[in-house]
Amino acid sequence: MVGRYVNNTLTAEEMELFLEHIRECPRCMEELETSFIVQKAVEQLENEDDDSTLDIKQLLEMDIRKKEAAINRRKIGRLIAGIFLLLLLLLVLVFLLTLGAEIKNILLL
């Protein structure tokens with residue numbers, strides 16, 4: 001999964017599981033750091049006009065935090081959608097109960 005992380009091809013669910021795992025597994029985090037360093041070094045070599053020095057570990061940490069924030073935004077969006085759906089269902093239930101009471105009153109007349 002490290003290669004897919006570096007190439008940014010993990011699904012959202014895979015990304016979430018991967019990020020949780022690397023925070024707990026030093027061996028996998030070290031493998032990720034190595035792959036990330038290689039990719040960033042190659043990118044820097046390809047950009048010959050860029051003579052800046054990169055702090056690769058800082059770049060990796062920023063990349064991980066950015067992806068964790070995206071996961072958290074997705075979770076919040078799902079929570080809001082769930083609350084909206086629950087409120088909608090509650091509104092439909094109230095409407096049906098009100099309608100049922102009105103029909104009962106009409107039938108009793």
Side-chain angles (χ1 to χ4, degrees):
M1 284 187 124
V2 169
R4 290 182 56 213
Y5 173 89
V6 171
N7 294 322
N8 204 27
T9 58
L10 293 173
T11 66
E13 291 77 22
E14 290 171 331
M15 181 68 70
E16 184 173 0
L17 292 172
F18 179 77
L19 292 176
E20 288 173 5
H21 177 75
I22 63 160
R23 291 290 191 193
E24 301 297 322
C25 181
R27 194 182 91 212
C28 290
M29 182 60 144
E30 185 176 314
E31 182 181 343
L32 175 60
E33 287 174 351
T34 302
S35 294
F36 196 82
I37 287 168
V38 169
Q39 180 188 8
K40 292 300 176 186
V42 168
E43 286 176 8
Q44 188 172 19
L45 288 173
E46 289 174 352
N47 298 328
E48 294 174 10
D49 57 332
D50 184 13
D51 57 298
S52 63
T53 323
L54 296 177
D55 182 351
I56 303 295
K57 283 194 174 190
Q58 183 181 11
L59 285 175
L60 176 58
E61 187 61 34
M62 287 172 32
D63 190 63
I64 290 170
R65 286 184 185 164
K66 183 175 110 182
K67 290 177 179 171
E68 287 173 333
I71 289 168
N72 289 335
R73 284 191 303 273
R74 195 177 92 242
K75 285 180 179 179
I76 290 170
R78 285 182 181 170
L79 177 64
I80 290 170
I83 290 170
F84 178 74
L85 181 60
L86 185 63
L87 289 174
L88 183 62
L89 289 173
L90 184 61
L91 183 62
V92 168
L93 179 63
V94 168
F95 173 75
L96 291 174
L97 289 173
T98 303
L99 183 63
E102 287 181 24
I103 291 174
K104 183 178 177 184
N105 287 338
I106 291 171
L107 292 175
L108 291 175
L109 291 176

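Model, not experiment: these values are computed from the prediction. Values below: all heavy atoms of this structure, side chains included; hydrogens, waters and symmetry mates excluded.
Within the 4.5 Å cutoff, side-chain heavy atoms of Arg23 are placed close to those of Ile64. Looking at heavy atoms from C-beta onward, Arg74 lies in side-chain contact with Glu16 at the 4.5 angstrom threshold. A heavy-atom distance below 4.5 Å is not found between the side chains of Glu33 and Ile22. When side chains are defined from C-beta on, Arg73 does not count as touching Ile76, because their heavy atoms never get closer than 4.5 Å. Put simply, the side chain of Arg27 does not reach to within 4.5 Å of the side chain of Glu31, judged on heavy atoms.
Taking hydrophobic clusters as Ile, Leu, Val, Met, Phe, Trp and Tyr residues chained together by side-chain heavy-atom distances below 4.5 Å, Leu107 shares a cluster with Leu99. Side-chain heavy atoms closer than 4.5 Å link hydrophobic residues (I, L, V, M, F, W, Y) into clusters, and following such links, possibly through other members, connects Leu59 to Leu19. Residues Leu87 and Val92 do not share a hydrophobic cluster, clusters being chains of Ile/Leu/Val/Met/Phe/Trp/Tyr side chains in contact below 4.5 Å. Side-chain heavy atoms closer than 4.5 Å link hydrophobic residues (I, L, V, M, F, W, Y) into clusters, and following such links, even through other members, never connects Phe84 to Phe95. Tracing side-chain contacts under 4.5 Å through hydrophobic residues (I, L, V, M, F, W, Y), one reaches Ile103 starting from Leu96; they form part of the same cluster.
For the pair Lys67 and Tyr5, the cation sits on the ring face: its NZ or CZ lies under 6.0 Å from the ring centre, inside 45° of the axis.
The heavy-atom pair separating Val6 from Ser35 by the smallest distance is CG2-CB, 3.8 Å.
We find the CG-CD1 distance between Leu90 and Ile83 to be 13.0 Å, quoted to the nearest 0.5 Å. The CD atom of Glu61 sits 9.5 Å away from atom CG of Asp63, with the distance rounded to the nearest 0.5 Å.
Checked for salt-bridge contact, Arg65 and Glu68 miss the test: no charged N lies under 4.0 Å from a carboxylate O.
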Could you walk me through whether Thr9 and Glu14 pass side-chain contact (heavy atoms from CB on, under 4.5 Å), step by step? CA-CA 9 Å; Thr9 58; Glu14 290 171 331; over 6 Å; no
Residue pair Leu32, Met29: steps toward the side-chain contact (heavy atoms from CB on, under 4.5 Å) verdict: CA-CA 5 Å; Leu32 175 60; Met29 182 60 144; 4.2 Å; yes
